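Order of the sequence lines fixes the chain letters, A, B, ..., with proteins taken first and strands second; residue numbering starts at 1 for each chain. Remember, it's a predicted structure, so these values are computed and weren't measured experimentally.
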2 protein chains.
Amino acid sequence: MPRPRRPLLTRDRIVETALALIDADGLGALSTRRLAAALGVQGPSLYNHFATKDDILDAVADTVTGAVDTSGFASRDWTAALRDWAWSYRRALTAHPNIVPYLAQGPGRRPAALAMADAVYGGLVRAGWPPARATHIGAALRYFVAGSALGSFARGFVEDPELYAAHYPHLRQAHRLAEHQQSVDEGAFALGLDALLHGLAAEYTRTVGTVESARPKG
Amino acid sequence: MPRPRRPLLTRDRIVETALALIDADGLGALSTRRLAAALGVQGPSLYNHFATKDDILDAVADTVTGAVDTSGFASRDWTAALRDWAWSYRRALTAHPNIVPYLAQGPGRRPAALAMADAVYGGLVRAGWPPARATHIGAALRYFVAGSALGSFARGFVEDPELYAAHYPHLRQAHRLAEHQQSVDEGAFALGLDALLHGLAAEYTRTVGTVESARPKG
DNA sequence: TCCCCTAAACTAGCGGTGTAAGTTTTCATT
DNA sequence: AATGAAAACTTACACCGCTAGTTTAGGGGA
């Protein structure tokens with residue numbers, strides 16, 4: 001097949017299909033040939049639109065990150081904005097859990113990640129946090145969200161309780177975790193996020209100023 | 001070469017060499033043939049000792065996790081024990097950063113991970129936390145540590161500041177992050193951990209009891 | 001309008017991957 | 001002493017990411 005009258009591929013179509021395949025079958029099941037086949041095309045044709053497979057994955061990661069909402073930093077006080085952002089961030093990642101290992105690992109140089117960092121950092125500095133502190137806070141929240149989306153804690157446990165009872169006395173009821181996987185993970189996230197924000201608020205009043213100065217500038 | 005008089009391979013030697021290769025060249029550079037070559041052996045010989053490559057990686061992950069110290073839960077109050085554990089956990093992971101993506105992702109069914117969960121969960125319950133809360137706290141800390149070890153926040157930034165100034169106004173000084181990568185990541189971890197523990201301590205006094213009841217049982 | 005360069009598909013193929021299958025020889029057990 | 005398992009080997013398969021070279025359609029300049 002020579003050059004077709006209308007291009008069969010576009011970057012958007014490739015990224016979209018790649019994300020669908022990753023969601024359906026996992027990161028390891030995405031090969032250039034399988035992706036191309038899903039697009040009705042031969043493997044190497046992808047290289048007319050992307051330089052490497054990693055470039056495709058970067059683009060996929062960028063669209064996932066792009067779904068994160070940071071608008072709270074423009075309108076709400078910094079603790080509420082952080083909370084909204086963290087939950088939105090988590091939702092964006094858990095909506096596509098199979099890409100998270102790639103996304104969390106790779107560089108934050110992708111546009112959507114930079115825009116997100118910019119919004120968070122800017123919002124915290126505007127709220128009165130010293131720049132170095134703002135950096136740390138953004139990073140700490142990112143750690144927590146990425147970790148929570150990466151490996152489900154509960155998923156690691158298995159249904160058979162006997163496996164645990166013998167060697168790990170306190171985990172005798174751990175098999176129940178498998179049943180309530182999602183609620184355990186979300187509960188742990190909610191608890192940890194609340195604790196983090198509580199601790200940060202205490203640090204804020206201790207080192208930055210009163211609650212009043214935390215109002216958005218508008 | 002037939003069966004040698006003394007076995008050339010042992011599980012321990014394989015795991016040890018695999019970890020060294022991963023540390024040196026990254027997870028992606030570990031192939032069964034390269035690993036075997038480093039052991040003075042042909043690729044498929046590994047399958048006399050491990051069923052799959054993933055089994056090898058699981059064993060590597062288990063030895064890394066095994067270096068985490070949870071002894072604080074036996075002797076210190078729960079906040080100090082959590083802090084010690086989190087730092088030890090982080091040190092164990094950052095000592096072998098290349099294996100972290102695999103480790104953080106996979107199931108927690110490996111013995112060392114189970115033993116760790118057992119110690120943490122048991123320690124928190126003994127301190128008076130309700131079982132469900134203890135599960136959430138252990139998971140939340142795990143999220144935070146894994147996320148912090150997984151992707152360096154600072155590493156994502158690049159030296160050239162002009163790349164940022166144009167589109168991301170608040171990141172104008174982000175290039176400095178690259179210089180202080182390690183201290184930024186550690187500072188973010190320290191800040192986040194302190195905030196988390198502060199928030200958990202507040203939750204403890206609010207819902208569980210006074211500080212007195214948090215003493216270790218002994 | 002003709003020409004030509006670029007774009008976007010193709011086919012063929014390279015070196016590498018995990019692992020299955022079967023072979024050979026040594027060691028340990030009966 | 002015989003036997004069977006263990007631990008190395010070789011060969012081979014299907015797949016991987018990617019390169020090189022080919023073919024033709026489309027668009028811009030003479």
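- A pairwise comparison of heavy atoms in B:Leu35 and B:Leu21 identifies CA-CD1, 3.7 Å as the closest pair.
- Between B:Phe189 and B:Phe144, the ring planes are parallel. Angles under 30° get that label, and only those over 60° would be called perpendicular.
- One interatomic measurement links the two molecules: CG of B:Leu46 to P of D:dT10, which rounds to 14 Å at whole-angstrom precision.
- Computed from coordinates, the B:Leu9 CG to D:dA7 C1' distance equals 8 Å when rounded to whole Å.
- Judged by distance alone, the side chains of B:Asp69 and B:Ser71 do bring a donor and an acceptor atom under 3.5 Å apart.
- In this structure, the CZ atom of B:Arg11 is 15 Å from the C1' atom of D:dA6, given to the nearest Å.
- Taking 3.5 Å as the limit, the base of C:dA9 and the side chain of A:Asn48 contain a donor-acceptor pair of atoms between them.
- Following rounding to the nearest Å, A:Arg13 (CZ) and C:dA9 (C1') show an atom-to-atom distance of 13 Å.
- Residues of residues 14-34 of chain A having a heavy atom closer than 4.0 Å to DNA chain C, listed by number: A:Arg33.
- Nearest to the side-chain atoms of A:Tyr47 among the listed nucleotides D:dG17, C:dA9, C:dG18 stands D:dG17.
- When distances run from any side-chain atom of B:Ser45 to the nucleotides D:dA8, D:dT10, C:dA8, the shortest one goes to D:dA8.
- Applying the side chain to side chain donor-acceptor pair (under 3.5 Å) rule to pairs touching residues 20-49 of chain A yields A:Asp23-A:His96, A:Asp25-A:Arg34, sequence neighbours excluded.
- Annotation: A:Phe73 is not in aromatic contact with A:Trp78 [ring centroid separation under 6.0 Å not met].
- Separating the CG atom of B:Asp55 from the P atom of C:dG18 is a distance of 14 Å, rounded to the nearest angstrom.
- Phosphate proximity of D:dA8 to B:His49: present, with a side-chain N or O under 4.0 Å from OP1 or OP2.
- In this structure, B:Leu35 atom CG and C:dT19 atom C1' are separated by 14 Å, rounded to whole Å.
- At whole-Å resolution of the value, CD in B:Gln42 and C1' in C:dT24 are 15 Å apart.
- Two residues are said to be in side-chain contact when any heavy atoms from C-beta on lie closer than 4.5 Å; B:Leu82 and B:Leu124 meet this criterion.
- Between the side chains of A:Thr79 and A:Asp77, at least one donor-acceptor pair of N or O atoms lies under 3.5 Å.
- Atom pair B:Lys53:NZ and D:dC16:C1' shows a separation of 12 Å (rounding to whole Å applied).
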